[in-house]
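A short write-up of the structure that comes next.
All heavy atoms count here, side chains included; hydrogens, waters and symmetry mates do not. It should be emphasised that the depicted structure is a prediction, and the values quoted were computed from it without experimental measurement. All chains are named by letter (A, B, ...) in the order of the sequence lines, taking the proteins before the strands, and each is independently numbered beginning at 1.
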Amino acid sequence: MKALNEQELAALFEALAADWDVRVPIRLHDGTRALGRPGEGPLALAGGALPRKITSVFFPQMERVFTAGGGAIEAPAPGAKPLLVVGFTAQDLDCLEFIDRFFGEHFRDHPYFARRQGAATVGVSGRCGRDGAMLKIAAGKCDLELVCDGKRYIAAARSEAGAALAGRVAGGQEVAQAELDALQALSDALPRDDEQLIAAAAALLQQNKVPDEFWQSVADRCIACTSCNLCCPTCTCFEVFDRSAGAARTDRWRMWDSCQLDGFMREASGHNPMGAEWMRTRRRIHHKLAADPARWGQVTCFLCGRCDEVCPTGIGIKAVCREMLARYGGR
Amino acid sequence: MTRTLTTCPYCGTGCCFYLLADGDGRLVGVEPSSSHPVARGQLCVKGWNAHHFVNHPDRLTEPLVRRGGALRPASWDEALDRVVAALRRAQTAHGPDSVAFFSSAKTTNEENYLMMKLARAVFGTNNVDHCARLCHASTVLGLAATFGSGAMTNSISCMEQADCIFVIGSNTTEQHPLIGSRIVRNAVQRGAKLIVADNRRIRLARLADLHIRHRNGTDVALLNGMMHVIVAEDLADRQFVEARTEGYEALKAVVAKYPPQRAGEICGVSAEQIVAAARMFAAAGRAMIVYSMGITQHTHGVDNVKSCANLAMLTGNIGRAGTGVNPLRGQNNVQGACDMGALPNVYSGYQKVTDPAVREKFRKAWGAPDLPAEVGLTVTTAVDAAAEGKLKALYVMGENPMMSDPDQGHVRQALQKLDFLVVQDIFPTPTSELADVVLPAASYAEKDGTFTSTERRVQRVRKAIEPVGQSRPDWAILCEVAARAGFPMRYGSPGEIMDEIASVTPIYGGVSFERIDQVGLQWPCPDAGHPGTPVLHAGKFSRGRGLFSPAEYRPPAELPDAEYPFVLSTGRCYWHFHTGTMTRRSRLLDREERFPYVEINPADAKELAIRDRGWVLVATRRGEVKAMARVTDAAAKGVLFMPFHFEEAAANALTNNALDPEAKIPEYKVCAARIRSAP
């Protein structure tokens with residue numbers, strides 16, 4: 001097993017770009033971290049989850065689904081090389097595992113799997129969170145995991161494909177399994193407060209112990225920016241629209257949608273069964289913590305933290321669950 | 001995929017984000033900037049959808065000229081030659097002031113600067129104005145008179161530091177969402193007091209410590225009533241008043257006439273509410289006033305603004321973080337368009353056209369012939385002049401007066417009476433339909449430049465994709481027009497235009513593209529070493545001492561009567577922006593609010609047998625439109641509210657073209673109306 005510094009990793013990613021469409025966390029013009037191609041900006045592995053949901057690489061904000069014209073329907077050409085995506089946190093990998101199920105288990109979403117099929121995933125964990133905080137080690141669910149020891153990243157293969165990727169490492173320092181085990185022990189010792197929080201909140205909702213007034217009080221603070229949905233890796237809703245260039249050609253597109261919008265559920269008559277703000281606010285959280293466990297057998301908030309970061313008024317899922325438990329979680 | 005850092009084209013908050021473009025040069029998304037001091041990785045719904053209209057198939061992609069009564073495609077050469085010939089023809093026959101120029105708060109600073117330069121240096125007229133006339137003209141005058149500078153005194157970050165926030169006439173969470181959200185957080189999490197004075201039960205009102213639902217147009221009485229209590233109960237900051245202001249005795253004399261009982265009667269609220277508001281505001285260590293169109297769009301808009309300034313000075317809430325008088329500017333670059341002198345009375349940096357030394361300075365800098373000395377026509381008075389046949393030709397860049405100006409019938413008649421109308425825009429509009437020449441402009445995503453946000457922050461706009469079709473950036477079109485008119489304006493890039501702006505505009509003296517590459521600068525920024533100014537009037541007002549400018553209550557121009565028993569107020573909704581040209585072409589925004597609507601109180605609706613989502617006819621003395629009823633307790637009894645985004649039911653077919661005597665701003669917030677179910 002090898003440990004690499006950022007320079008060596010950058011060289012590895014550049015080398016892998018010969019066979020893969022490589023996406024890595026980079027620093028953009030004003031310091032914002034985002035996924036980019038190697039060389040498009042300085043590598044920015046450290047800092048925790050990327051602000052934009054990393055799954056957007058497979059399910060982007062807006063994409064052309066097909067073009068109709070001249071009596072034919074044509075899907076966009078697949079990429080020339082498979083994607084290799086670096087930067088998944090352990091929570092992101094949980095999310096990815098779920099949306100793989102969502103897009104593949106009961107139907108097969110072609111645009112999603114056109115990108116996802118054959119893609120390699122690389123996790124980033126260890127001592128590279130915000131201000132050097134420990135990030136949970138996934139120890140699986142990806143092909144390769146880069147586990148930071150504070151200075152270097154240990155390249156731990158998590159699949160056969162990952163082993164092949166690790167085999168491409170040039171340079172770096174050999175490290176013993178014990179070093180990785182020590183980091184794993186640190187990861188195992190991370191507090192589980194948030195997981196307990198979500199589990200307790202899910203139980204409250206499943207037992208129907210949260211009254212409508214609570215949701216109204218949260219909805220009063222919601223400015224309907226839709227960021228919570230757009231940033232959530234397990235939000236998979238999209239809207240479809242067409243754009244025509246004359247009679248000859250029509251492009252069908254899809255784009256991220258949001259259940260916080262009135263138009264999301266409004267019927268053609270104008271009636272909306274989710275027509276009150278509090279219902280939509282409730283839905284956002286109820287869906288992940290109560291509806292999905294019934295439908296999929298699992299709570300689908302994996303605590304990536306994005307909605308709490310991005311909510312302008314401080315009502316991300318963790319904040320709301322804390323408030324919910326404080327008010328209704330008493331024994 | 002490419003990512004380009006730029007500034008949002010919607011409200012004046014000034015959030016920066018990245019535009020995402022695909023390999024075919026089409027915009028496919030938006031990514032917030034994590035490091036931007038205002039956005040902080042967040043956006044509102046319009047920001048998240050700010051890419052969507054840009055590649056809409058309705059974009060104007062080629063110049064159009066009117067031939068045989070219809071607009072038909074033409075070459076750029078033909079279109080531009082027609083424009084210059086028509087403007088010159090009008091001037092030769094009727095003098096330089098027979099032509100007017102409408103600049104645009106949607107376009108960049110560089111473009112606004114060039115528009116006013118084109119009007120003044122090339123065509124010799126001060127008839128240049130833009131839609132600030134319709135939103136914050138009252139602010140520019142009212143705060144200049146009291147403080148010496150007509151801009152937001154503080155910064156957006158101050159919203160988090162105030163101990164009391166008094167929001168009057170601003171639906172902040174809908175119209176400036178990332179400012180409104182700071183108010184929500186400060187009130188809910190930090191416990192700041194929140195006073196909302198608004199007839200409508202807006203979102204902030206639900207969270208407020210005190211919600212005052214005063215009658216539309218009675219703000220002066222309310223503010224005077226509050227100041228009466230502050231003076232009577234000795235709650236004023238006497239030290240501040242003594243050291244920093246003048247005219248206190250005059251204020252005292254006027255507010256003495258507004259004891260809370262009388263003020264309450266005028267406003268239709270209890271005296272106790274006024275007393276409570278006064279005490280709450282005066283008791284706070286740091287109290288701030290936030291206002292917007294509810295204050296400015298009145299025939300007494302300037303009086304309203306001055307009264308807000310009076311209250312801030314009386315309580316010493318100016319010149320410190322977390323305080324101030326904070327008018328929120330509605331458009332991405334309405335602050336900048338004013339700063340650039342796209343106004344009939346000032347050059348860039350509010351340098352007066354009536355000052356011979358200023359004129360000489362610009363004449364020299366521009367290498368221009370004599371510059372006009374008379375203050376020009378405003379957006380509103382130019383339309384009146386066109387209707388009277390005095391104005392012959394009009395150049396409209398990025399504005400849509402048919403939808404945005406009061407009394408649409410009057411505007412249509414005025415524009416039809418013109419000998420020549422040229423409209424430069426990104427989409428066809430009801431205004432461009434009346435044009436003789438239509439010039440296709442590049443959108444904000446297809447050009448470089450700067451916007452100045454409501455907190456006076458000058459920020460970069462960057463080209464993310466190539467202009468669609470044959471469209472061109474507004475600045476490039478203006479340079480072409482100037483060249484064809486015999487006054488070449490040569491710039492290699494918008495950065496060079498900003499260098500010229502900095503050289504003639506003291507408040508922008510230290511601004512350059514290089515300095516604002518990552519984070520913008522807040523003016524005044526007089527030189528290259530100056531860090532910018534987050535809080536104005538610290539230690540000293542721009543005019544020296546702050547001037548108390550008391551105002552007496554004057555009722556709106558048109559009040560309800562037996563025939564038209566409702567008050568009609570107009571404004572914007574959250575999902576759409578202004579005349580809807582961009583948001584109604586953005587999928588999710590359009591889906592959210594598809595129909596023109598009018599808010600009506602449940603009790604009124606019941607009385608008139610109006611059902612929620614039923615069609616109604618709303619009429620005033622100017623016209624009648626058909627809209628969908630929205631029955632909601634957000635509307636006060638007796639008051640209707642309509643957004644002005646919808647072409648098919650233009651709220652401005654109803655509004656009253658009554659103007660503030662100084663600011664010439666129309667009274668969009670009050671006119672008399674009636675409503676009935678549509679047959």
Side-chain angles (χ1 to χ4, degrees), chain A residues 23 26-37 40-41 47 50-52 56 60-64 216-217 219-227 230-231 239-241 243-246 251 253 255-258 260-264 266 269-271 277 306 309-315 319, chain B residues 1-5 16-18 20 22 24 26-36 40-49 51-52 55-57 173-174 177-178 180-185 188-189 203 206-207 462 517-519 574-575 587-595 612-613 628:
Chain A
R23 306 297 169 88
I26 57 166
R27 209 162 281 292
L28 300 179
H29 189 71
D30 70 346
T32 299
R33 291 170 67 235
L35 273 189
R37 292 198 165 85
E40 281 183 349
L50 289 165
R52 193 177 196 76
S56 65
Q61 183 173 0
M62 186 165 140
E63 66 182 321
R64 189 163 62 89
Q216 184 62 60
S217 79
D220 283 344
R221 287 169 271 161
C222 174
I223 62 165
C225 69
T226 69
S227 304
L230 305 192
C231 291
E239 164 76 332
V240 172
F241 65 96
R243 272 184 178 171
S244 296
D251 290 329
W253 292 79
M255 67 187 293
W256 294 344
D257 206 339
S258 166
Q260 299 309 290
L261 297 174
D262 184 66
F264 182 81
R266 193 195 302 129
S269 69
H271 170 67
E277 286 173 0
R306 288 184 179 84
E309 282 285 324
V310 81
C311 176
T313 62
I315 50 170
Chain B
M1 192 170 65
T2 59
R3 287 186 185 78
T4 309
L5 181 63
C16 283
F17 55 59
Y18 288 85
L20 314 185
D22 68 10
D24 298 327
R26 287 175 300 208
L27 295 183
V28 289
V30 162
E31 182 156 355
S33 157
S34 303
S35 69
H36 187 258
R40 302 191 297 198
Q42 303 166 348
L43 286 176
C44 77
V45 75
K46 288 194 282 292
W48 275 112
N49 287 278
H51 62 292
H52 208 270
N55 295 107
H56 193 284
T173 59
E174 293 201 4
L178 284 204
S181 62
R182 280 167 166 83
I183 297 175
V184 170
R185 277 193 122 143
V188 173
Q189 293 175 5
R203 183 173 305 281
R206 302 188 211 167
L207 305 166
R462 287 185 177 86
D517 183 53
Q518 292 194 351
V519 182
Y574 177 43
W575 315 101
R587 179 71 183 178
L588 294 183
L589 302 175
D590 178 48
R591 188 187 71 182
E592 200 62 7
E593 209 68 89
R594 293 173 60 204
F595 299 106
D612 189 41
R613 297 187 74 86
M628 204 177 254

Is [X] salt-bridged to [Y], cutoff N-O under 4.0 Å?
| X | Y | value |
| --- | --- | --- |
| B:Arg206 | A:Asp220 | yes |
| A:Glu40 | A:Arg27 | no |
| B:Arg462 | B:Asp517 | yes |

Options [options], ranked by heavy-atom pairs under 4.5 Å with chain A, top entry:
| options | result |
| --- | --- |
| B:Cys16, B:Ser33, B:Pro177 | B:Ser33 |
| B:Leu5, B:Thr2, B:Thr4 | B:Leu5 |
| B:His56, B:His36, B:Arg40 | B:His56 |
| B:Gln518, B:Gln42, B:Arg182, B:Gln189 | B:Gln42 |
| B:Gly29, B:Ser35, B:Pro32 | B:Ser35 |
| B:Val519, B:Ile183, B:Thr173, B:Asn55 | B:Asn55 |

Fill in the blank from the handout: Sequence neighbours excluded, the answer for side chain to side chain donor-acceptor pair (under 3.5 Å) partners of B:Tyr574 is none

Counting only heavy atoms closer than 4.5 Å, note whether [X] contacts chain A via side chain, backbone, both or neither.
| X | answer |
| --- | --- |
| B:Glu174 | neither |
| B:Arg591 | both |
| B:Leu43 | backbone |
| B:Phe595 | neither |
| B:Asn49 | side chain |
| B:Asp22 | side chain |
| B:Leu27 | backbone |
| B:Met1 | backbone |

Highest number of heavy-atom pairs under 4.5 Å with chain B: which of [options]?
| options | answer |
| --- | --- |
| A:Ala245, A:Ala224, A:Ser258 | A:Ala224 |
| A:Ser244, A:Gly270, A:Cys231, A:Ser217 | A:Gly270 |
| A:Gln61, A:Met255, A:Glu63, A:Arg266 | A:Gln61 |
| A:Gly36, A:Gly314, A:Pro51, A:Ser56 | A:Gly314 |

So which part of [X] gets closer than 4.5 Å to some heavy atom of chain B, the side chain, the backbone, both or neither?
| X | result |
| --- | --- |
| A:Arg37 | side chain |
| A:Leu50 | neither |
| A:Ala319 | neither |
| A:Leu261 | both |

Does some side-chain heavy atom of [Y] sit less than 4.5 Å from a side-chain heavy atom of [X]?
| X | Y | result |
| --- | --- | --- |
| B:Arg26 | A:Asp251 | yes |
| A:Arg52 | A:Val310 | no |
| B:Tyr18 | A:Thr32 | yes |
| A:Pro60 | B:Val28 | no |
| B:Glu31 | B:His51 | no |

Handout entry: B:His52: ring pair (Phe, Tyr, Trp, His ring centres under 6.0 Å) partners, not counting sequence neighbours
Key =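 With neighbours one apart ignored, the set is A:Phe241.
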
Problem - Check: B:Val45 main-chain N/O paired with A:Thr226 side-chain donor or acceptor under 3.5 Å - result: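 Not at all, since once roles are kept as given, no pair shorter than 3.5 Å links the two residues.
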
Exercise for the section: Give the C-alpha distance, both sets of side-chain angles, the deciding distance and a yes or no for side chain to side chain contact (heavy atoms under 4.5 Å, CB included) between B:Glu592 and B:Arg587. Expected result: CA-CA 9 Å; B:Glu592 200 62 7; B:Arg587 179 71 183 178; over 6 Å; no

Handout entry: Within 6.0 angstrom of B:Arg594 CZ, more than 12 heavy atoms from elsewhere
Key = no

